[in-house]
There are 2 protein chains.
Amino acid sequence: MTRRLSQARERGIPEATVARLPLYLRALNGMAERGVSTVSSEDLAVAAGVNSAKLRKDLSHLGSYGTRGVGYDVEYLIYQISRELGLTQDWAVAIIGVGNLGRALANYGGFVSRGFRVAALFDADPEVVGDHIAGLNVEHIDELEAVIRRRDVSIVVIATPAAAAQQVCDRVISAGVTSILNFAPVVLSVSDDVDVRKVDLSIELQILAFHEQRKADRMSGGPVMAEEWPKSVDLSISPDVLGSLGSVPSVRPTDDGEAR
Amino acid sequence: MTRRLSQARERGIPEATVARLPLYLRALNGMAERGVSTVSSEDLAVAAGVNSAKLRKDLSHLGSYGTRGVGYDVEYLIYQISRELGLTQDWAVAIIGVGNLGRALANYGGFVSRGFRVAALFDADPEVVGDHIAGLNVEHIDELEAVIRRRDVSIVVIATPAAAAQQVCDRVISAGVTSILNFAPVVLSVSDDVDVRKVDLSIELQILAFHEQRKADRMSGGPVMAEEWPKSVDLSISPDVLGSLGSVPSVRPTDDGEAR
DNA sequence: TAGTGTGAAGACCTTCACAGCG
DNA sequence: CGCTGTGAAGGTCTTCACACTA
């Protein structure tokens, strides 16, 4: 049995599983607060919004922490998941770009709790540098490398305008950071020892719009399977197609939805 | 060939493809702005940060819009993708919860462009109701259903504290909304004709922390495959394990990282 | 000839269903 | 008995590699 456990933890928890562990953790914390001490995969799955077989398989990647016929011990699971996610240490986070979004993030409560600590704020605008936000001084971006090293920042949140993001990204990487959460609407190019995760408002909205449109089609149009496009079978783009494109309030202009 | 095209568009573009279309669109818009009129799958793939075979397969789900030996016409592809995503109409979006985050979102530029229009802001706090943000009046949450119907809102952004999110969610659904972008750190439970997408800060950070920890282990510990847990092989949680848990600055307290 | 569109192979993920254990 | 842990089956997504064509 020890055999199987070490095998399980050995190398590599599937990425899909890693992405769900925080959900389980949150659900478990809620239960712990409500005084629940034991939970079945079924109940925990419901609380986390997943299928219970999936939950069991996910947990089995961490080890065999349940008790057959009983369920999982809430506190113990919390500890194991926290440990696996690296939340038993705390991580110094820097936020770069203190515009609307950066400010909101700095003040965001759920940040500070749970193993993350905002350790530095940066901006390029002399107007903002020196401001006091969420108990922190906004530093000038020139200090980036020095401060990151000094305060041992290991995770950086990029909340700059799109145009600045790649440059900022390169600089934090050269300062030794390998984990980046990017709010700017650009694809950052990095070498593959660097982890980038991206949060992108307009992409999420566009995905919703796609499905919303589908639903609308299904209602009115029914399964009509309407004609393909405005008939211009060859590639030449007839002026009126582009015209109709232009007349839509903003199909193309300024994608650079600034992240600040 | 027309046969194949209609088949392709017929039912269902894979979800993974839908999630990437906005990326392609953004890359294409950048190119169009720079005056590029034609692009190969290879170049577009690089710009969007994906593999070119994947890009071609993705685009093939929309139809056969490329020219062999040449590439894709930038403007035409922009039109087709915009159309597929439903961006040739514009969508009225409401933001609920005008705290830090809600404010930042309301002021977020990339929102307004590109087919989305913030049509209403709501909050429960009488203190904020009546405020003027980004050219909009903040309405009281009591007006929710009426205003949503009146202004034909079809996408709702929830930026309330966690505790309020489910209730708000139920109300917007009862008002006929079926597309929700949720920033509150809770799993919303909805019937499956409703699309919910979720943006969750602390989950993203936790995923980064996981990988960061792995990288750190690999460095120092090397491939040591250290001993499992603090030796307590049975489920009984030895007091010192819990003790060490408690001593960590915040492994558990207040997960309710309020979204405002 | 350069580059798309796509079968086929394979990696990854989910779900089922049940053996096996506490 | 009840519930976990997991083989096996079935999906979905990615990637390769090349036939095909403008």
Side-chain angles (χ1 to χ4, degrees), chain A residues 1-21 23-24 36-46 48-74 76-77 80 192 207 233-236, chain B residues 1-21 23-24 36-74 76-77 80 192 233-236:
Chain A
M1 185 192 189
T2 296
R3 174 76 178 302
R4 141 149 307 307
L5 285 180
S6 17
Q7 273 191 336
R9 284 205 62 253
E10 197 159 1
R11 258 321 69 180
I13 294 174
E15 197 49 39
T17 295
V18 173
R20 281 185 298 263
L21 291 179
L23 282 179
Y24 304 154
V36 178
S37 70
T38 275
V39 67
S40 69
S41 65
E42 183 58 34
D43 290 354
L44 182 50
V46 168
V50 304
N51 165 316
S52 73
K54 182 149 68 183
L55 181 139
R56 287 198 301 278
K57 185 145 282 187
D58 282 345
L59 293 184
S60 79
H61 286 103
L62 314 192
S64 203
Y65 297 153
T67 308
R68 290 167 199 245
V70 178
Y72 300 89
D73 181 280
V74 172
Y76 190 58
L77 241 201
Q80 291 299 346
D192 53 4
I207 296 171
V233 178
D234 56 1
L235 265 193
S236 68
Chain B
M1 186 195 190
T2 295
R3 173 78 178 301
R4 138 151 309 305
L5 287 179
S6 17
Q7 272 189 336
R9 286 205 60 255
E10 196 157 1
R11 260 314 79 180
I13 294 174
E15 198 48 39
T17 294
V18 173
R20 282 186 297 264
L21 291 179
L23 282 180
Y24 304 153
V36 178
S37 70
T38 274
V39 68
S40 69
S41 65
E42 184 56 35
D43 291 353
L44 182 50
V46 168
V50 304
N51 165 316
S52 72
K54 181 148 70 182
L55 182 139
R56 288 198 301 279
K57 186 144 280 184
D58 282 345
L59 294 184
S60 79
H61 287 107
L62 314 192
S64 202
Y65 296 153
T67 308
R68 291 167 199 243
V70 178
Y72 301 89
D73 181 280
V74 172
Y76 190 58
L77 240 201
Q80 291 300 347
D192 53 4
V233 178
D234 57 1
L235 264 194
S236 69

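Here is the naming used below: chain letters follow the sequence lines, and residue numbers restart at 1 for every chain.
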| message | If I compare all heavy atoms of S52(A) with all of S41(A), which pair ends up nearest, and what's the gap? | response | CB-O, 3.9 Å
| task | Using atom CG of L59(B) as one end and atom P of dT14(D) as the other, report the distance to the nearest whole Å. | result | 14 Å
| Under 4.0 Å between a side-chain N/O of Y72(A) and OP1 or OP2 of dG22(C), yes or no? | no
| Gap between atoms OH and P, on Y76(B) and dT4(C) respectively (whole Å) | 16 Å
| field | Interatomic distance where CD belongs to E15(A) and C1' belongs to dT14(C) [whole Å] | value | 16 Å
| message | From CG of D58(A) over to C1' of dT15(C), roughly how many Å is that when rounded to an integer? | response | 12 Å
| query | Does S40(B) have a side-chain nitrogen or oxygen under 4.0 Å from the phosphate oxygens OP1 or OP2 of dG3(C)? | reply | no
| I207(A) and E15(B): side-chain contact (heavy atoms from CB on, under 4.5 Å), yes or no, with the steps? | CA-CA 9 Å; I207(A) 296 171; E15(B) 198 48 39; 4.0 Å; yes
| dC3(D) phosphate, OP1 or OP2, under 4.0 Å from S41(A) side-chain N/O | no
| field | Spatial distance of atom OH (Y72(B)) from atom CG (D43(B)) [nearest 0.5 Å] | value | 12.0 Å
| message | Let's see if you get this right: which residues in residues 46-57 of chain B place a heavy atom under 4.0 Å from DNA chain D? | response | N51(B), A53(B), K54(B), R56(B), K57(B)
| task | Nearest 0.5 Å please: distance from the CD1 atom of I13(B) over to the CG atom of L62(B). | result | 5.0 Å
| How close or far is atom P of dG5(C) from atom OH of Y65(B), stated in whole angstroms? | 11 Å
| field | Interatomic distance, R20(A) CZ vs dC12(C) P [rounded to whole Å] | value | 15 Å
| Nucleotide nearest S60(A) (side chain, heavy atoms from C-beta), chosen from dT6(D), dG5(C), dT4(D) | dT6(D)
| request: Round to a whole Å and report the spacing from CD of E42(A) to C1' of dC1(D). | output: 17 Å
| request: Starting at atom NE2 of H61(A), determine the distance to atom C1' of dT4(D), rounded to an integer number of angstrom. | output: 15 Å
| query | Side-chain N or O of T67(A) less than 4.0 angstrom from OP1 or OP2 on dG22(C)? | reply | no
| task | For R56(B), check salt bridge (Lys or Arg N to Asp or Glu O under 4.0 Å) against everything at least two apart and list the hits. | result | none
| request: Might you work through the side-chain contact (heavy atoms from CB on, under 4.5 Å) test for L77(A) and L44(A), ending with a clear yes or no? | output: CA-CA 11 Å; L77(A) 241 201; L44(A) 182 50; 4.1 Å; yes
| query | Do the side chain of R68(A) and the base of dT4(D) come within less than 3.5 angstrom through a donor-acceptor pair of N or O atoms? | reply | yes
| note | All heavy atoms of Y65(B) vs all of Y76(B), minimum pair found to be CD2-CE2, 4.1 Å
